[in-house]
Protein chains: 2
Amino acid sequence: MAQRSVSEKASSQTLKAVLGIRELVFSGEVSPGERLSEVNLSARLGLSRTPVRAGLARLEQEGILELIPSGGYTVRSFTEADIVDAIELRGVLEGTAARLAAERGISPSRLASMKAILAEIDKVVSGPDDAFDFPRYAEMNAEFHDLLKVLSGSDIISREIDRVMRLPFAGPSAFLNAQPDIPAFRTSLVVGQAQHRAIAHAIEMREGARAEAVAREHSRLARQNLDFVMDDHKLMAQVPGLMLVSG
Amino acid sequence: MAQRSVSEKASSQTLKAVLGIRELVFSGEVSPGERLSEVNLSARLGLSRTPVRAGLARLEQEGILELIPSGGYTVRSFTEADIVDAIELRGVLEGTAARLAAERGISPSRLASMKAILAEIDKVVSGPDDAFDFPRYAEMNAEFHDLLKVLSGSDIISREIDRVMRLPFAGPSAFLNAQPDIPAFRTSLVVGQAQHRAIAHAIEMREGARAEAVAREHSRLARQNLDFVMDDHKLMAQVPGLMLVSG
DNA sequence: TTGGTACAGAATGTATACAGTTAGTATCTC
DNA sequence: GAGATACTAACTGTATACATTCTGTACCAA
């Protein structure tokens, strides 16, 4: 993880609570709809109720927990439609970031950074098929999307992109874990990289509409992968957070 | 306010804290950059530290407070550029809601609701100039934007729109308080209503691209009003939250 | 057997007490 | 007079105790 986004409260205990509960949720140790008891979590995480409580409130804000009217929280369950919408939302926001970057212009040094990242991804993608370095690809892909966010030049926009990315199945690297097994996915990486280049070129040429359109379309690769993965339960288990899906 | 959005914690004391602190911030009783002491707030609001603390954490998530690395919170200060971006963001999100509504279709009953709201706004706008009912306009305008959000059919999108709207200067009714005094603003209401109708028509005709484009442009009326208001400090004071602006 | 009521257990919401840290001030030294 | 150091006061982060509310179960009545 390149940076820890806007505010990931430094306070040790509360941070442990947030991370711990997130882990419990996304690893599937607690099921969607299940009620999360503060005392239970306190015991499991070895913390007192106070930081656990703070963590719960925060994760509710993040959207992975739901408030029970009578009090307490449950794990939110997502439908496949929710995930489609979350991916669409990411596309819209990244598209906006790309457009703003194009319209407002970016500094030469940042343009250079972007080209450097693209070159790195090229190295990975153009390598031999049998020695494909997936972790490296995931890393550089995340860096590209991180930079795109920054290039928007807007804290307000960056913040919202961070928020959507916190829904793990909406992020640009969500389906990478499931990809090594499937040949068709390899193709999508090549296509994805072509789109990266198009976005970068559009920003450089200050073609805002094109930058937005391509960035938006780029996110739909994820939707395509989602459809693929949803047909296979074994694959679903490899995508973080996809266990929260239940019609 | 038609509904109280996603989750406005029912818990009495915590709710008081959130509302109370928001009020203190937006009324300008605490200045941007000022540190908010928990004990001080507890005393002022007549609550214990626990709900105050919960409220602070929440308002930080909402984006009107900032976390101090060494602990505690300050009132976040916004630049004019931030507000422009927030308005742009609202336009992008409402545009997406409108597009999805058009692409996916809406029920006849909801279409009827939308038309009813438009008729109500027409009544207000087409009335005599000297007896213009601003509160009524604000109410129906808010209802239109609320419905547009719902028409997206997506909880994920609705949630994000709610978030942006919580930044008071980004909402569709942000500049209404300052409008009665300025004749030029009256014109913008007529234009705005024409855009409302265009959005509704595009949704009904399932013209997604048009719905998105018009909804996005619609938000730029707010930007126009912002430019106008920012030149006049007396007017600025009438727009909620605009006191948080400082270069 | 089914429905309702009452009671008990548990869980949340709130308050407060405690510890560690930060920031500010005053004094001392150079 | 200026800078540095030490001390004090306030504040945050955490833990725990208390009260109220909710939930689930058991028992009773129809």
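In what follows, every chain begins at residue 1, and chains take the letters A, B, ... in the order their sequences are listed.
- Contacts of B/S107 classified as side chain to side chain contact (heavy atoms under 4.5 Å, CB included), with partners at least two apart in sequence or in another chain: B/S109, B/R110.
- With sequence neighbours left out, B/A215 forms a side chain to side chain contact (heavy atoms under 4.5 Å, CB included) with B/A98, B/I199.
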Name each donor-acceptor pair under 3.5 Å that joins a side chain in residues 39-48 of chain B to protein atoms two or more places apart or in another chain, with its distance.
residue : atom : partner : partner atom : Å
B/S42   : OG   : B/E38   : O            : 2.7
B/R44   : NH2  : B/E29   : OE1          : 3.4
B/S48   : OG   : B/T50   : N            : 3.3

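- The pair A/D146-A/K149 meets the salt-bridge criterion, with a side-chain N (NZ, NE, NH1 or NH2) lying under 4.0 Å from an Asp/Glu carboxylate O.
- Listed nucleotides: D/dT12, C/dA15, D/dT16. Nearest to the side chain of A/R49: D/dT16.
- When rounded to the nearest whole Å, the span between OH of B/Y73 and C1' of D/dC11 equals 13 Å.
- Rounding to whole angstrom units, CD1 of residue A/I68 and P of D/dT23 are separated by 8 Å.
- For residues 150-174 of chain A, the ring pair (Phe, Tyr, Trp, His ring centres under 6.0 Å) pairs, not counting sequence neighbours, are A/F78-A/F169.
- Residues that satisfy the salt bridge (Lys or Arg N to Asp or Glu O under 4.0 Å) test with A/R216, not counting sequence neighbours, are A/E212, B/E212.
- Atom-to-atom, CG of A/L45 to P of D/dT14 comes out at 14 Å; the value is rounded to the nearest Å.
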Quick test: give all pairs of protein nitrogen or oxygen and nucleotides 4-9 of chain D nitrogen or oxygen below 3.5 Å, distance rounded to 0.1 Å.
none

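- Two residues are said to be in side-chain contact when any heavy atoms from C-beta on lie closer than 4.5 Å; A/I117 and A/E120 fail this criterion.
- For A/G71 and A/L47, each mapped to the nucleotide of DNA chain D holding its nearest heavy atom, the one lying further toward the 5' end belongs to A/L47.
- Scanning residues 34-42 of chain B for heavy-atom distances under 4.0 Å to DNA chain D yields B/R35, B/L36, B/S37, B/E38, B/V39.
- Annotation: of the two residues near DNA chain D, A/S70 and A/P51, the 5′-most nearest-nucleotide partner is A/P51.
- Between B/L56 atom CG and C/dT14 atom C1' the separation is 16 Å, expressed in whole Å.
- Phosphate proximity of D/dT14 to A/T14: present, with a side-chain N or O under 4.0 Å from OP1 or OP2.
- In terms of phosphate contacts, A/S48 brings a side-chain nitrogen or oxygen within less than 4.0 Å of OP1 or OP2 of D/dA15.
- Distance, A/L15 CG to D/dT14 C1': 15 Å, rounded to whole Å.
- The side chain to side chain contact (heavy atoms under 4.5 Å, CB included) check on B/A174 picks up nothing, with sequence neighbours excluded.
- Not counting sequence neighbours, the partners of A/E88 by the side chain to side chain contact (heavy atoms under 4.5 Å, CB included) test are A/V92, A/R220, A/R223, B/R99.
- Considering only side-chain N and O atoms, A/R53 lies under 4.0 angstrom from the phosphate OP1 or OP2 of C/dG13.
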